[in-house]
Amino acid sequence: MDASAVLTLDRIRRDLREFARLAEAPYDPAAVDPALEALTELWTTSVLGVRTTTHPVPQRRVNVRLMNSGVGVDPVTMLREAGLLEFIGHPMEQLLTGIPAAVPVLFGVDVGVAHGVEKIWMMFPGMIAVDRVLGFTGIPESARAHAAHLNRYGSDIAIMALDFASRTMNLYSRVFAPGLITAADITTILAELDFVAATDGELALLGNTFNVYRTFSWTSPHMQRICFPVRHQATTFPKHVDPVLDRFVSGAPYAGSGPRGFTFYTAYGPDDRYYKVQAEYTSTQNVVFPAGAIPRIT
């Protein structure tokens, strides 16, 4: 975070309410406040982003994402001690303990403003080869079944996210140079997965996709979802795609200083697609990206 910015929990709470209003999404202080308080120091010293989706209003949610919490920082233990993250014997828990014991990890946390702690992130500063990631105890078999796909499109894993709300896992590829993943690649990927096809308009928007991430579960042999993100300035963001994207980008509070980015995501599954937006809430000027590769703002 920009050291010159003064960020307090009161300001975060106020701004998260505004993000929820812009998205027409619920906000529940009883759900979000305990997580903010348990990680007080991290919220005010880490990099924060806020995201929502184009899901219909009854299903739409807003969450705040804490990243780059620092070497040696362990929000998992903090949340467990606060009673906000429960271990019940799920394989995700083996990944959360086994991977940090084997490789360097920077943690992150997603907190839903209506539901509390949702997701724990592990970012790998040096990245990890796909085959090594798939070898960790607790990895869903559905991910191992897609080893060829993961190696073909990305080869290294930069981030793993474990979703305690939906019991799913995301694997994020390394950061790509602009244009490395082409429209033809995206078309081929979706066809290989038997997912809905991208429209010509979507393919035009995804020309600067900076990585690919996939969602797997422990209860299905199939990939659940694949997502293609593109980082923008507010002036270039495709706000025309959906009114909620327009409101969110145009009105998003910002607690940082200097340039600010917004990430546009297109997510595909076997039956549908939707869009997501992440607004950088604090400055990413000093962010540590895996292998030092910074996604370019278009």
Side-chain angles (χ1 to χ4, degrees), residues 23-25 51-63 110 118-119 130 140-155 157 159-161 163 165-176 178-232 236-246 248-249 262-278 295 298:
E24 299 179 283
R51 66 176 285 280
T52 193
T53 72
T54 59
H55 288 315
V57 169
Q59 289 84 47
R60 190 177 302 154
R61 297 291 181 263
V62 167
N63 63 38
D110 275 8
E118 294 177 344
K119 191 178 296 182
V130 165
E141 289 304 318
S142 55
R144 293 189 174 118
H146 288 83
H149 164 91
L150 293 166
N151 275 297
R152 186 180 309 122
Y153 302 107
S155 70
I157 301 301
I159 300 172
M160 177 185 292
D163 192 325
S166 66
R167 300 298 181 185
T168 57
M169 176 191 75
N170 292 349
L171 292 179
Y172 292 71
S173 73
R174 61 185 173 86
V175 173
F176 300 137
L180 183 64
I181 292 291
T182 66
D185 290 326
I186 293 171
T187 299
T188 299
I189 289 169
L190 296 176
E192 289 175 346
L193 295 171
D194 200 22
F195 282 0
V196 295
T199 66
D200 290 343
E202 288 166 351
L203 292 173
L205 294 174
L206 298 176
N208 285 313
T209 292
F210 64 79
N211 74 0
V212 179
Y213 77 83
R214 302 86 164 178
T215 302
F216 302 96
S217 78
W218 284 262
T219 58
S220 169
H222 305 293
M223 188 185 299
Q224 305 293 294
R225 188 171 61 252
I226 191 166
C227 192
F228 304 95
V230 180
R231 196 164 173 239
H232 287 271
T236 63
F237 193 94
K239 294 181 284 188
H240 65 280
V241 170
D242 191 283
V244 69
L245 301 181
D246 189 355
F248 205 79
V249 172
F262 295 83
T263 302
F264 172 74
Y265 306 79
T266 306
Y268 298 93
D271 302 312
D272 61 1
R273 66 169 55 73
Y274 64 94
Y275 309 105
K276 299 186 282 187
V277 55
Q278 177 172 294
T298 59

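The pair Arg273-Glu202 counts as a salt bridge, with a side-chain nitrogen and a carboxylate oxygen less than 4.0 angstrom apart.
With rounding to the nearest 0.5 angstrom, the CG atom of Asp110 is 15.0 Å from the CZ atom of Arg61. The CD1 atom of Ile181 sits 7.0 Å away from atom OG of Ser173, with the distance rounded to the nearest 0.5 Å. The OG1 atom of Thr215 sits 3.5 Å away from the CZ atom of Arg225 when rounded to the nearest 0.5 Å. Considering CZ of Phe228 and CG of Asn211, their distance stands at 10.0 Å, rounded to 0.5 Å. Taking OH of Tyr153 as the reference point, atom CD1 of Ile189 lies at 5.0 Å (rounded to 0.5 Å). Atom CG of residue Asp163 and atom CD of residue Glu118 lie 6.5 Å apart, to the nearest 0.5 angstrom.
Here the side chain of Thr209 pairs no donor or acceptor atom with the backbone of Val230 at under 3.5 angstrom. Side chain of Gln59 to backbone of Val57: no donor-acceptor contact under 3.5 angstrom is found. For Arg174 (side chain) and Gly154 (main-chain N/O), a donor-acceptor pair under 3.5 Å exists by modelled atom type.
The one candidate from Phe248, Phe264, Tyr268 that meets the ring-ring contact (aromatic ring centres under 6.0 Å, His included) condition with Tyr275 is Phe264. Each of Thr168, Asn170, Asn63 was checked for a side chain to side chain contact (heavy atoms under 4.5 Å, CB included) with Lys119, and the lone residue meeting it is Asn170. Only one option out of Ser217, Ser142, Pro140 pairs with Met169 in a side chain to side chain contact (heavy atoms under 4.5 Å, CB included); it is Pro140. When Phe210, Phe262, Phe237 are each tested for a ring-ring contact (aromatic ring centres under 6.0 Å, His included) with His232, only one passes: Phe237.
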Exercise for the section: Test side chain to side chain contact (heavy atoms under 4.5 Å, CB included) on Phe216 and Met223 and set out the steps. Expected result: CA-CA 5 Å; Phe216 302 96; Met223 188 185 299; 3.9 Å; yes

Practice task
With side chain to side chain contact (heavy atoms under 4.5 Å, CB included) as the test, would you mind laying out the steps for Cys227 and Lys276 before giving the verdict?
Solution key: CA-CA 10 Å; Cys227 192; Lys276 299 186 282 187; 4.0 Å; yes

Practice task
Show your working on side chain to side chain contact (heavy atoms under 4.5 Å, CB included) between Asn208 and Arg231 and close with a plain yes or no.
Solution key: CA-CA 8 Å; Asn208 285 313; Arg231 196 164 173 239; over 6 Å; no

Exercise for the section: Tell me, with the steps shown, if Tyr213 and Ile159 meet side chain to side chain contact (heavy atoms under 4.5 Å, CB included). Expected result: CA-CA 9 Å; Tyr213 77 83; Ile159 300 172; over 6 Å; no

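Side-chain contact between Glu24 and Val244: absent, with no pair of heavy atoms (C-beta onward) separated by less than 4.5 Å. For the pair Val196/Leu190, no side-chain contact is recorded, criterion being any heavy-atom separation below 4.5 Å from C-beta on.
For Thr182 and Asp185, the side-chain atoms include at least one donor-acceptor pair closer than 3.5 Å. For Tyr274 and Arg60, the side-chain atoms include no donor-acceptor pair closer than 3.5 Å.
In terms of heavy-atom proximity, Ala198 sits nearest to Leu203 at CB-CD2, 3.7 Å. When every heavy atom of Ala147 is checked against every heavy atom of Val130, the shortest pair comes out as O-CG1, 4.4 Å. The minimum heavy-atom distance between Leu205 and Pro238, with the atom names listed, is CD2-CB, 3.9 Å.
Ring pair His149/His146 is perpendicular by interplanar angle, where above 60° counts as perpendicular and below 30° as parallel.
Every side-chain contact (heavy atoms from CB on, under 4.5 Å) that Gln278 has, sequence neighbours left out, goes to Arg51, Arg65, Thr263, Tyr265.
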